[in-house]
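Shown next, in structure tokens, is the structure this report addresses.
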Amino acid sequence: MSPAALPAPPAPGPMEASLRALRDGGRKLLVPYLTGGLGPWTEHLRAMADAGADAIEVGIPFSDPAMDGPVIQQASELALRQGATPGSVLDDLRGVDAGVPLVAMTYYNLIFHMGEQRFAGEAADAGICGIVLPDVPMEEQGPWRAAADPAGIETVLMAGPITPDDRLARVCEQSRGYIYGVNLMGITGERASLGEQGAILARRVKALTDKPVLMGFGVSTPEQAVDVAAESDGAIVGTAVVRRILDGETPEQLHAFVSSLRAALDDS
């Protein structure tokens with residue numbers, strides 16, 4: 001994708017409006033992640049929504065997930081072996097009424113192969129209202145945004161601990177839905193400790209924008225979710241969910257885990 005001028009951000013979409021309203025009502029936001037196409041994944045998705053998720057990120061499996069750690073890589077490889085494709089994941093979602101915003105998380109190769117217009121249209125038709133593209137720099141998102149914005153797909157941008165101030169301001173301006181704050185450098189995965197980088201980043205981002213700010217990477221326990229939400233608007237929990245699915249947990253067991261995250265955030 002060649003660099004192109006980004007369009008002016010449109011008015012806040014339904015996902016951002018939903019998350020803002022919950023946050024402004026005093027709720028700390030919870031956004032779990034799962035790998036699309038892996039086992040009875042739509043049942044897991046419904047269980048997480050019923051357990052109190054405020055939005056759910058759906059990973060569309062890719063063979064070379066550069067930012068994902070070994071657990072999510074394993075899940076993606078297994079889903080691909082089970083026949084998952086972007087089309088099949090979106091088809092599965094057409095039969096799901098989760099009741100919360102759904103955010104696709106994937107890599108640009110898959111979109112390029114399908115074509116931006118087609119992917120955006122099919123994703124919106126399947127109920128996707130947001131997307132995270134970790135391998136596409138903000139400056140190169142023009143062609144994608146030209147397809148996504150009219151389709152109602154809110155493109156979420158990521159910010160990391162070493163993002164400089166001037167770039168962070170542009171990320172806050174251009175991101176839609178929410179700002180995805182990365183707690184620590186590196187790939188996804190559970191961590192015993194998250195350190196202070198995430199809290200510092202959350203404070204920097206919150207000083208620049210009123211959009212919802214969610215912190216992810218490494219959040220593994222209810223206690224860690226509370227910690228990262230202290231300086232932000234909420235937590236993104238991925239690997240800890242996917243590991244449980246790989247371990248064979250049932251939708252009921254996953255519901256219990258997400259409920260524990262929800263309860264901890266509500267009590268904080």
Side-chain angles (χ1 to χ4, degrees), residues 9 12-13 15-33 48 51-57 67 100-101 103 105 129-132 134 138 154-165 167-241 257-268:
M15 176 172 65
E16 182 176 327
S18 173
L19 296 179
R20 278 179 177 269
L22 291 168
R23 178 201 63 189
D24 294 348
R27 182 178 175 97
K28 288 294 186 178
L29 303 172
L30 174 61
V31 180
Y33 165 102
M48 294 197 300
D54 299 303
I56 297 173
E57 293 181 356
M67 287 194 67
V100 299
V103 184
M105 188 166 187
C129 59
I131 193 166
V132 182
M138 173 176 59
E154 298 169 59
T155 302
V156 177
L157 299 183
M158 305 178 87
I162 62 172
T163 302
D165 290 344
R167 181 176 181 81
L168 190 62
R170 292 193 64 213
V171 167
C172 291
E173 176 191 27
Q174 290 291 333
S175 189
R176 302 193 61 215
Y178 54 91
I179 315 296
Y180 191 132
V182 178
N183 284 309
L184 36 82
M185 300 303 296
I187 57 177
T188 62
E190 295 175 276
R191 303 290 199 281
S193 174
L194 297 178
E196 294 297 318
Q197 294 182 93
I200 294 169
L201 174 63
R203 288 194 291 269
R204 291 174 62 208
V205 178
K206 293 287 289 179
L208 293 170
T209 185
D210 188 47
K211 294 174 183 176
V213 179
L214 300 172
M215 303 301 295
F217 279 49
V219 183
S220 310
T221 66
E223 294 76 18
Q224 288 177 339
V226 169
D227 286 346
V228 301
E231 298 288 350
S232 71
D233 297 313
I236 299 169
V237 183
T239 299
V241 169
F257 174 62
V258 175
S259 293
S260 72
L261 298 169
R262 177 76 271 159
L265 289 170
D266 289 346
D267 291 341
S268 63

Study note, to complete from the structure: Per side chain to side chain donor-acceptor pair (under 3.5 Å), Asp233 is matched among Lys28, Lys206, Arg20 by Lys206
Check your understanding: With no hydrogens and no angle check, is any side-chain donor or acceptor of Arg204 less than 3.5 Å from a backbone partner on Leu168?
Key -> no
Review point. Hey, are the side chains of Leu214 and Arg23 touching, using non-hydrogen atoms and a 4.5 Å cut-off?
Key: no
Check your understanding: Nearest 0.5 Å, what's the OH-CG distance between Tyr178 and Leu157?
Key -> 11.0 Å
Exercise for review: Taking the side chain as every heavy atom from C-beta outward, state whether Ser220 and Thr239 have any atom pair closer than 4.5 Å.
Suggested key: no
Practice item. Provide the closest heavy-atom pair for Ala225 versus Leu261 in the form atom of the first, atom of the second, distance. Key: CB-CD2, 4.3 Å
Practice item. Show your reasoning for whether side-chain contact (heavy atoms from CB on, under 4.5 Å) applies to Tyr180 and Val171. Key: CA-CA 10 Å; Tyr180 191 132; Val171 167; over 6 Å; no
Check your understanding: Is there a donor-acceptor pair closer than 3.5 Å between any side-chain N or O of Gln174 and the backbone N or O of Met138?
Key -> no
Check your understanding: What is the minimum heavy-atom distance between Gly160 and Leu201, and which atoms define it?
Key -> O-CD1, 3.5 Å
Exercise for review: Report the residues that fulfil side-chain hydrogen bond (donor to acceptor under 3.5 Å, both in side chains) with Asp24, sequence neighbours left out, ordered by chain and then residue number.
Suggested key: none
Practice item. For the pair Ser175 (side chain) and Cys172 (backbone), establish whether a donor and an acceptor sit closer than 3.5 Å, ignoring hydrogens and angles. Key: no
Check your understanding: Who passes side chain to side chain contact (heavy atoms under 4.5 Å, CB included) against Ala202, sequence neighbours left out?
Key -> Met215, Glu231, Ser232
**Study point:** Residue pair Ile131 / Val103: nearest heavy atoms and the distance that separates them
**Key:** N-CG1, 3.7 Å
Review point. So, for Val241 and Pro32, which heavy atoms are closest and what is the spacing to 0.1 Å?
Key: CG2-CB, 4.2 Å
Revision key, fill the gap. From the list Leu29, Val31, Leu30, side chain to side chain contact (heavy atoms under 4.5 Å, CB included) with Ile236 holds only for Val31
**Study point:** Separation of Glu154 CD from Met15 CE (nearest 0.5 Å)
**Key:** 4.5 Å
Review point. Counting N and O atoms only, with roles assigned by atom type, does the side chain of Ser268 sit under 3.5 Å from a partner on the main chain of Leu265, one being a donor and the other an acceptor?
Key: yes
Exercise for review: Taking all heavy atoms of Arg176 and all of Pro12, pick out the closest pair and write down the distance.
Suggested key: NH2-C, 4.1 Å
Practice item. State, with a plain yes or no, whether a side-chain heavy atom of Gln197 is found less than 4.5 Å away from one of Phe217. Key: no
Revision key, fill the gap. Which of Ile179, Leu22, Leu19, Asp54 passes side chain to side chain contact (heavy atoms under 4.5 Å, CB included) with Pro212? Answer is Leu19
